[in-house]
Participant: 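The structure's right below; bear with me while I get my questions together.
Heads up: numbering here begins at 1 and tracks the sequence. Indexing begins at 1, ligand by ligand and atom by atom, following the structure's order.
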Amino acid sequence: MRCQVAIIGGGPSGLLLSQLLHRAGIDTVVLERQSRDYVLSRIRAGVLEWGTVEMLREAGVGARMDAEGFPHDGTYLACRNEGFRIDFKDLVGKQVMVYGQTEVTRDLYEARDQMDGKVIHGVEGVVIHGADTDAPHVTYTLDGTEHRLDCDWVAGCDGFHGVSRQTIPDTVLKEFKRVYPFGWLGILSETKPVSEELIYAQHSRGFALCSMRNAHLSRYYVQVPLTDKVEQWSDDAFWDELKRRIPAEAAESIETGPSIEKSIAPLRSFVAEPMKWGRLFLVGDAAHIVPPTGAKGLNLAVSDVHYLYHALVQAYQGDDHGVTHYSEQALARVWKSERFSWSMTGLLHRFPDRGDFEARMQEAELDYLQHSRVAQMSLAENYVGLPY
Ligand code: FAD
Ligand code: PHB
């Protein structure tokens, strides 16, 4: 088999890249290890930057998001039982969209089906060959049979645990990382969200977040030690802990109910450089991970896709500038989102290895944010998404 761009991974970045390239007349094959149902069962991000919204529209997959998503003009931060609002619209003239990653992925799969896009599920043993030559190819096994896919370029959209990053020699690749000593325990429940906008709460017992998917579906998180197991957390224990950490007014009015999903995600910051090796590009979580506190993971994957899509279109028009400079261009934005996610994580979580001084520093920073329009503008500018 032959195609112009072989895409490893059928998560949001692989599907979006495939959809955009197909519409530009560039043919792709997406190789995904899991089944479609499995990919669609993963509950992940919930907040889209406006740049992401526009990219999805450009890809022709914005209709359901525009009909069913919720534009938010601001968010609440809470500390010591008191909340204050960051008004994105007033501060920087922009909004974000609440629309789950599961829905984005579903819309992308449907669009790929409609265009007869090639997405092959259940592939095993993917190996990228000759990425540093002019004629790369990918081999994989499907139902016990070995296949070969020849291509011009390979897009590694296969997430943090994929093969693409591992294909780049150790002598070339440099990795930067920080692992946080806690995780987020998250639940999804068919209850009315406690607030119309998200609440990020800093508390001496640990961070909490009130988020949502729609008017009847809430997503809540609490910071937990890495040693905690989901099975230790009954729904009642979760609700009790959440209520302790959010402002009393919200705690008193919150609607509780059974969880329909419950999981613990570890928090980490990670960047791999460079994001290109020969004819192989790394995209999204394959190249970088952020702690979810700034809601940046999915949005960063989309901005990588933006740069790579334009670079490949240019390359097929005879201009190699974009593909040559993809790594520097993408990394410049990646590091700024890494910085924002790291600083929001530092501002809002309880660090077991830090003392009272650092706790006071967090409180002082939140107090400063509450009363400084300049500080709020900086947070808002980053939260709604830096320009591409
Ligand atoms: P992925 O979504 O990881 O997709 C990669 C795909 O590649 C997967 O479908 C995988 O099955 C496939 N794959 C992997 N290896 C291979 C292989 N060898 N061969 C073929 N296919 C392969 N972000 C937020 O903003 N907010 C959140 O609340 C949030 N929660 C998260 C919770 C978890 C548990 C995780 C893991 C991530 C979370 N994120 C969150 C981050 C966000 O979901 C990711 O940034 C986003 O999914 C990145 O998209 P991607 O397409 O680059 O990678
Ligand atoms: C979510 O709704 O899952 C969500 C929202 C905001 C975040 C992280 C996760 O910062």
Participant: Could you walk me through whether W239 and E255 pass the side-chain hydrogen bond (donor to acceptor under 3.5 Å, both in side chains) test, one step at a time?
Facilitator: CA-CA 10 Å; W239 292 116; E255 186 187 322; over 6 Å; no
Participant: If you measure every N/O of R42 against every N/O of ligand 1, is any gap under 3.5 Å?
Facilitator: yes
Participant: Is Q34 in polar range of ligand 1, meaning some N or O pair under 3.5 Å apart?
Facilitator: no
Participant: When you measure from atom 8 (C) of ligand 2 to every protein heavy atom, which one gives the shortest distance, and what is it?
Facilitator: P292 O, 3.3 Å
Participant: At a non-hydrogen distance cut-off of under 4.0 Å, which region of L198 contacts ligand 2 (side chain, backbone, both, or neither)?
Facilitator: side chain
Participant: Can you pull out the closest protein heavy atom to atom 3 (O) of ligand 2? Residue, atom name and distance to 0.1 Å, please.
Facilitator: Y221 OH, 2.6 Å
Participant: Between D87 and R373, does any side-chain N to carboxylate O distance fall below 4.0 Å?
Facilitator: no
Participant: Examine the proximity of ligand 2 to Y220 and report which part, side chain or backbone, both or neither, has a heavy atom under 4.0 Å away.
Facilitator: neither
Participant: Would G297 count as being in polar contact with ligand 1, using the rule that some N or O on each side must be under 3.5 angstrom apart?
Facilitator: yes
Participant: Heavy-atom distances under 4.0 Å are what count here, so tell me which part of A295 touches ligand 2: side chain, backbone, both or neither.
Facilitator: both
Participant: Which ligand 2 atoms are under 4.0 Å away from a heavy-atom of T293?
Facilitator: 10 (O)
Participant: May I ask you to identify, for Y221, whether its side chain, its backbone, both or neither come under 4.0 Å of ligand 1 on a heavy-atom basis?
Facilitator: side chain
Participant: Compute the minimum heavy-atom distance from I43 to ligand 2 and say whether it is under 4.0 Å.
Facilitator: no
Participant: Regarding ligand 2, does Y383 bring an N or O atom to under 3.5 Å of one of the ligand's N or O atoms?
Facilitator: no
Participant: Using a strict cut-off of 4.0 Å, indicate which atoms of ligand 1 neighbour a heavy atom of G159.
Facilitator: 3 (O), 5 (C), 53 (O)
Participant: Given that the side chain starts at C-beta and the backbone is N, CA, C, O, which of these parts of R44 lies under 4.0 Å from ligand 2, counting heavy atoms, or is it both or neither?
Facilitator: backbone
Participant: Atom 6 (C) of ligand 2: which protein heavy atom is closest, and how many Å away?
Facilitator: Y200 OH, 3.3 Å
Participant: With atom 53 (O) of ligand 1 as the reference point, say which of V305, T102, D285 has the nearest heavy atom.
Facilitator: D285
Participant: Ligand 1 versus I289, non-hydrogen atoms closer than 4.0 Å: side chain, backbone, both, neither?
Facilitator: neither
Participant: So, do F160 and F270 have ring centers that fall under 6.0 Å from each other?
Facilitator: yes
Participant: Answer yes or no for R213: is there a heavy-atom contact with ligand 2 below 4.0 Å?
Facilitator: yes
Participant: Where the closest heavy atom to atom 37 (C) of ligand 1 is concerned, which of R44, R219, Q166 has it?
Facilitator: R44
Participant: When you measure from atom 2 (O) of ligand 2 to every protein heavy atom, which one gives the shortest distance, and what is it?
Facilitator: S211 OG, 2.6 Å
